[in-house]
Amino acid sequence: MPTPATPSSPNPAGDDRNLVPVDVSAAMSFEDKLQAFWEKNRGLIFGGCAIVILAILGKGGYDYMQRQKAGEVQKAYAAATTTDQLKTFSAAQGDHVLAGIAQLRIADEAFAAGKAADAVPAYDKAISIIKDGPLVARAKLGRAVAKAQSGKAAEATTELTQIANDAAQFKAIRAEAAYHLTSLAVEAGNAADAQKFSDLLMQIEPMSQWTQRGLQLRASLPVTATPAAPTTSEAAPAATKGDAAPGVQVTIPKK
């Protein structure tokens, strides 16, 4: 009896047609995936880090240079002790706030030296550089007073009135402006304006030294005398012979 043939293997050696492919990435650990990502993208990562580091260093360097420059400007300002040095400093610093403060000092010095006309343009420069804040109000007040001293009373009155009526302004600045308005009115012999501005002083700050000085100025104006009314005690003119007092009837007796 013949021997039965051995059944053939369903998957002969070397035949991979029926094998299911395995996803290699699913079998990788997190560390392996991270390593693969690093190997693939480390150039980009290094480049991005370099950009960030350079930006940080650049910002730090810029801030450092600004601090250094600010320190040098402050030292130069402190070293400027004369009018000429202040002018040189202001010209070199352009629109730096300390250049504006230097111009304010130049204007004050000119005014104190009796050069009010020279003080006005310096006050103008200080205002244009500093732009806002209490120092600008201080410069505007100084400019108005300098204009008054240099013969521009009309311009000074307009500017001083704006300052005195500005409710957002410091009371001390407003009170001084109102005082100078009172002074200008007294100098002009204008009692009505002197009264008006001294009343404004009382509204702004009654206890201020400027208010007290303004009231003293107003009191210095001469009081206008009013003509006295005629009194009834004055003797009437004597009547002449044949005349009678008005309203009195004279009866002559018959013979």
Leu221 and Val186, any side-chain heavy atoms less than 4.5 Å apart: yes
Using side-chain contact (heavy atoms from CB on, under 4.5 Å), reason through Leu98 and Gln74 one step at a time and then give a plain yes or no. CA-CA 8 Å; Leu98 287 178; Gln74 291 173 0; 4.0 Å; yes
First locate atom OG1 of Thr82, then atom CZ of Arg105, and finally report the distance between them rounded to the nearest 0.5 Å. 9.0 Å
To the nearest 0.5 Å, what is the distance between NZ on Lys140 and CG on Leu160? 12.5 Å
Report yes or no: do Gln195 and Asp199 form a side-chain donor-acceptor pair below 3.5 Å? yes
Interatomic distance, Leu141 atom CG to Gln169 atom CD [nearest 0.5 angstrom]: 9.0 Å
Can you name the nearest heavy-atom pair linking Ala99 to Gln93, along with the distance? CB-CB, 3.9 Å
Hey, does the side chain of Glu176 reach the backbone of Ala164 with a donor-acceptor pair shorter than 3.5 angstrom? no
With side chain to side chain donor-acceptor pair (under 3.5 Å) as the criterion, how do Thr81 and Gln85 come out once you've worked through the C-alpha distance, each side chain's angles and the decisive distance to 0.1 Å? CA-CA 6 Å; Thr81 57; Gln85 289 173 343; 3.1 Å; yes
Picking from Leu86, Leu135, Val136, Ile129, what satisfies side-chain contact (heavy atoms from CB on, under 4.5 Å) with Leu104? Leu135
Can we say Asp95 and Lys131 salt-bridge, meaning some charged N sits less than 4.0 Å from an Asp/Glu carboxylate O? no
Side chains of Thr158 and Gln162 only: does a donor on one sit below 3.5 Å from an acceptor on the other? no
Using modelled atom types only, decide if a donor and an acceptor are shared between the side chain of Ser90 and the backbone of Lys87 within a distance under 3.5 Å. no
Donor-acceptor pairs under 3.5 angstrom involving side-chain atoms of residues 112-127: please list them, not counting sequence neighbours.
unit_1, atom_1, unit_2, atom_2, d
Tyr123, OH, Asp108, OD1, 2.6
Asp124, OD1, Arg143, NH1, 2.8

Are the side chains of Asn190 and Leu184 in contact, using a 4.5 Å heavy-atom criterion? no
Cluster overlap Met202 with Leu181, hydrophobic side-chain contacts below 4.5 Å: no
May I ask you to test the Thr182-Asp193 pair for a side-chain heavy-atom distance under 4.5 Å? no
Distance-only, no hydrogens or angles: does the Ser150 side chain make a donor-acceptor pair with backbone N or O of Ala146 under 3.5 Å? yes
Is there a donor-acceptor contact under 3.5 Å from the side chain of Ser183 to the main chain of Tyr179? no
Compare every heavy atom of Leu201 with every heavy atom of Gly214, then report the nearest pair and how far apart it is. CA-CD1, 3.9 Å
Please round to the nearest 0.5 Å and tell me the distance separating atom CZ of Phe89 and atom CD1 of Ile106. 10.0 Å
Check the surroundings of atom NZ in Lys171: do more than 12 heavy atoms from other residues, nucleotides or ligands lie under 6.0 Å from it? no
Of the non-hydrogen atoms in Thr157 and Thr161, which two are nearest, and what is the gap between them? O-OG1, 2.6 Å
Kindly indicate whether the side chain of Asp166, heavy atoms from C-beta on, has any atom under 4.5 Å from the side chain of Ile173. no
For the residue pair Trp210 and Glu205, establish whether any side-chain heavy-atom pair is separated by less than 4.5 Å. no
Interatomic distance, CD@Glu109 vs OG1@Thr83, rounded to 0.5 Å, equals 3.5 Å
Spacing of Gln216 atom CD and Arg213 atom CZ [to the nearest 0.5 Å]: 8.5 Å
May I have the step-by-step check of salt bridge (Lys or Arg N to Asp or Glu O under 4.0 Å) for Lys147 and Glu159, ending in yes or no? CA-CA 10 Å; Lys147 285 183 177 181; Glu159 294 181 15; 2.5 Å; yes
